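Working notes for the structure below.
Not measured: the values here are computed from a predicted model. Chain A is the first sequence line, chain B the second, and so forth, proteins listed ahead of strands; every chain is numbered from 1.
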Amino acid sequence: MRVVTWNVNSLRARLERVQEWLAANQPDICLLQETKCSDDAFPTGAFAELGYATAHHGNGRWNGVAIASRIGLDDVRPGFLHEDPSTIEECRIIAATCAGTRVMSVYVPNGRSLESEQYVAKLAWLERLRTELDECCNRNDSLVVAGDFNIAPEDRDVWDIAEFIGATHVSQKERDALKNILAWGLTDAVREANPEGPGPFSWWDYRGGAFHRGWGMRIDHVLLSRRLAEVLEAAHVDREARKGQGTERQPSDHAPVVVDLKISSTS
DNA sequence: ATGGTAGCGCTGCTA
């Protein structure tokens with residue numbers, strides 16, 4: 001079974017690239033973030049043509065998360081189980097069950113700066129995600145929590161830690177919040193399958209030729225429950241998808257993160 | 001020289 005997470009930075013702007021990538025890479029489940037479209041505008045037909053059922057949670061302006069699955073899509077829940085009315089329109093999490101595996105597509109708030117209220121909100125959102133696991137998930141089940149966490153777990157997950165003094169994405173509180181989620185009983189699939197750093201990075205700034213300079217970060221993660229971590233076969237980042245292709249539309253600033261599990265996609 | 005690029009959408013916000 002192949003599971004992918006990809007922050008596409010606008011699904012409508014990226015649809016052709018996403019379609020081509022799905023056809024070439026054949027994931028069974030693809031979790032998307034930053035679709036930036038409303039539920040009404042979601043291109044359901046484009047995914048159906050490729051054999052994917054989809055579920056989307058978006059408000060049309062910012063954020064937006066989706067799940068595409070070709071092995072079944074049941075028990076869809078947009079938002080948290082007990083959604084705070086103040087955050088219900090943020091559209092940062094959607095969950096569904098695909099052939100017995102519960103999957104969550106998450107887009108963790110950016111945090112902006114260490115002094116901002118958005119940073120406080122980011123930490124609170126991560127705490128809420130941990131609560132969601134406690135309330136809704138069983139440690140013995142097959143569970144995938146994947147998406148853009150906007151956190152580099154270790155210093156080797158950024159190109160130069162000296163550039164990040166006083167910055168978000170690497171602060172101890174953010175890293176501790178991610179550790180608290182992992183401590184529920186989840187494994188970081190990319191790090192598990194790739195014990196050596198740096199990276200592999202999954203995001204590079206559009207600005208300043210960051211991609212070609214290697215100035216990236218590992219902030220998109222696929223977290224697996226024990227049952228799935230036991231059958232982890234491989235995990236990689238598809239850097240090719242981050243490259244520009246001449247006159248075509250720009251790539252997303254994130255690359256797809258691909259995880260392969262040694263189980264039949266229908267089991 | 002606190003810069004730079006992309007998306008949304010039309011003004012400035014978000015990342």
Side-chain angles (χ1 to χ4, degrees), chain A residues 5-21 31-43 46 56-66 86-93 105-126 129 146-153 157-160 162-171 173-174 177-178 201-221 237 239-257:
Chain A
T5 185
W6 192 5
N7 179 323
V8 293
N9 185 21
S10 173
L11 186 54
R12 280 171 293 171
R14 220 70 61 201
L15 185 57
E16 192 172 345
R17 278 178 173 269
V18 171
Q19 288 175 296
E20 290 172 359
W21 194 91
L31 308 181
L32 302 172
Q33 299 86 36
E34 279 207 88
T35 59
K36 294 185 176 177
C37 68
S38 65
D39 290 337
D40 288 343
F42 188 84
H56 180 248
H57 184 38
N59 63 18
R61 293 176 296 174
W62 295 299
N63 311 332
V65 285
S86 67
T87 61
I88 195 166
E89 298 304 326
E90 287 198 351
C91 303
R92 294 183 180 276
I93 181 169
S105 177
V106 304
Y107 178 45
V108 177
N110 176 283
R112 201 168 301 186
S113 71
L114 298 184
E115 305 78 22
S116 70
E117 63 187 51
Q118 288 83 1
Y119 178 74
V120 177
K122 178 180 192 174
L123 297 175
W125 199 94
L126 289 160
L129 178 58
D148 178 0
F149 283 78
N150 274 314
I151 298 171
D157 293 318
V158 301
W159 79 93
D160 182 358
E163 296 288 332
F164 285 82
I165 295 169
T168 59
H169 295 59
V170 300
S171 74
K173 285 183 178 176
E174 289 164 272
L178 178 57
F201 301 147
S202 62
W203 175 87
W204 299 261
D205 201 309
Y206 281 124
R207 296 167 289 189
F211 180 71
H212 293 288
R213 294 172 187 262
W215 293 350
M217 303 175 73
R218 191 173 79 87
I219 57 175
D220 298 274
H221 306 301
V237 176
R239 292 170 50 89
E240 291 300 311
R242 179 61 179 78
K243 295 179 179 174
Q245 295 175 357
T247 58
E248 288 181 25
R249 195 115 191 194
Q250 293 296 324
S252 171
D253 46 353
H254 296 252
V257 178

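In this entry the distance linking NZ of A:Lys122 with P of B:dT14 reads 15 Å, nearest Å. Between the P atom of B:dG7 and the CD atom of A:Glu16 lies a distance of 14 Å, rounded to the nearest Å. A:Trp203 places its CH2 atom 12 Å from the P atom of B:dA15, with the value rounded to the nearest Å. Atom pair A:Arg207:CZ and B:dG7:C1' shows a separation of 13 Å (rounding to whole Å applied). The separation between A:Arg213 atom CZ and B:dG4 atom C1' is 11 Å, rounded to whole Å. Atom CD in A:Gln250 sits about 14 Å away from atom C1' in B:dG4, given to the nearest Å. The separation between A:His254 atom NE2 and B:dG7 atom C1' is 13 Å, rounded to whole Å. Atom P of nucleotide B:dT14 and atom NZ of A:Lys36 are separated by 12 Å, given to the nearest angstrom.
Within the structure, every side-chain polar atom (N or O) of A:Ser252 is placed at least 4.0 Å from both OP1 and OP2 of B:dA6. For the pair A:Arg14 and B:dG7, the criterion of a side-chain N or O lying under 4.0 Å from OP1 or OP2 is met. Side-chain nitrogen and oxygen atoms of A:Arg112 include at least one within less than 4.0 Å of the OP1 or OP2 phosphate oxygen of B:dT14.
Checking side-chain atoms of A:Ser202 against main-chain N and O of A:Ile219 turns up a donor-acceptor pair under 3.5 Å. A:Ser252 places a side-chain N or O within donor-acceptor distance of the main-chain N or O of A:Asn7, the cut-off being under 3.5 Å.
Across the P atoms, B:dA15 and B:dG9 are found 15 Å apart, a figure rounded to whole Å. Going from the C1' atom of B:dT11 to that of B:dA1 covers 25 Å, rounded to whole Å.
Using the six-membered ring where Trp is involved, A:Trp215 and A:Trp159 have ring planes that are parallel, under 30° apart on the 30 and 60° scheme.
A residue-by-residue look at A:Arg61 and A:Asp205 shows that A:Asp205 has its nearest nucleotide of DNA chain B further toward the 5' end. Where A:Gly208 and A:Glu34 meet DNA chain B, the nucleotide closest to each residue was compared, and A:Gly208 sits on the side nearer the 5' end.
Here the side chain of A:Tyr206 is nearest to one of B:dA6, B:dA15, B:dG7, namely B:dA6. When each of B:dA15, B:dG7, B:dG9 is scored by its nearest atom to the side-chain atoms of A:Ser10, the top-ranked nucleotide is B:dG7.
The two residues A:Ser105 and A:Leu32 make their nearest non-hydrogen contact at OG-O, 2.9 Å.
Side-chain contact of A:Asn110 with A:Lys122: a donor-acceptor pair under 3.5 Å is absent, judged by distance alone.
No engagement by A:Phe211 is indicated, since no non-hydrogen atom pair under 4.0 Å with the nucleic acid exists. Using a 4.0 Å heavy-atom criterion, one finds that A:Arg242 contacts no nucleic acid atom at all.
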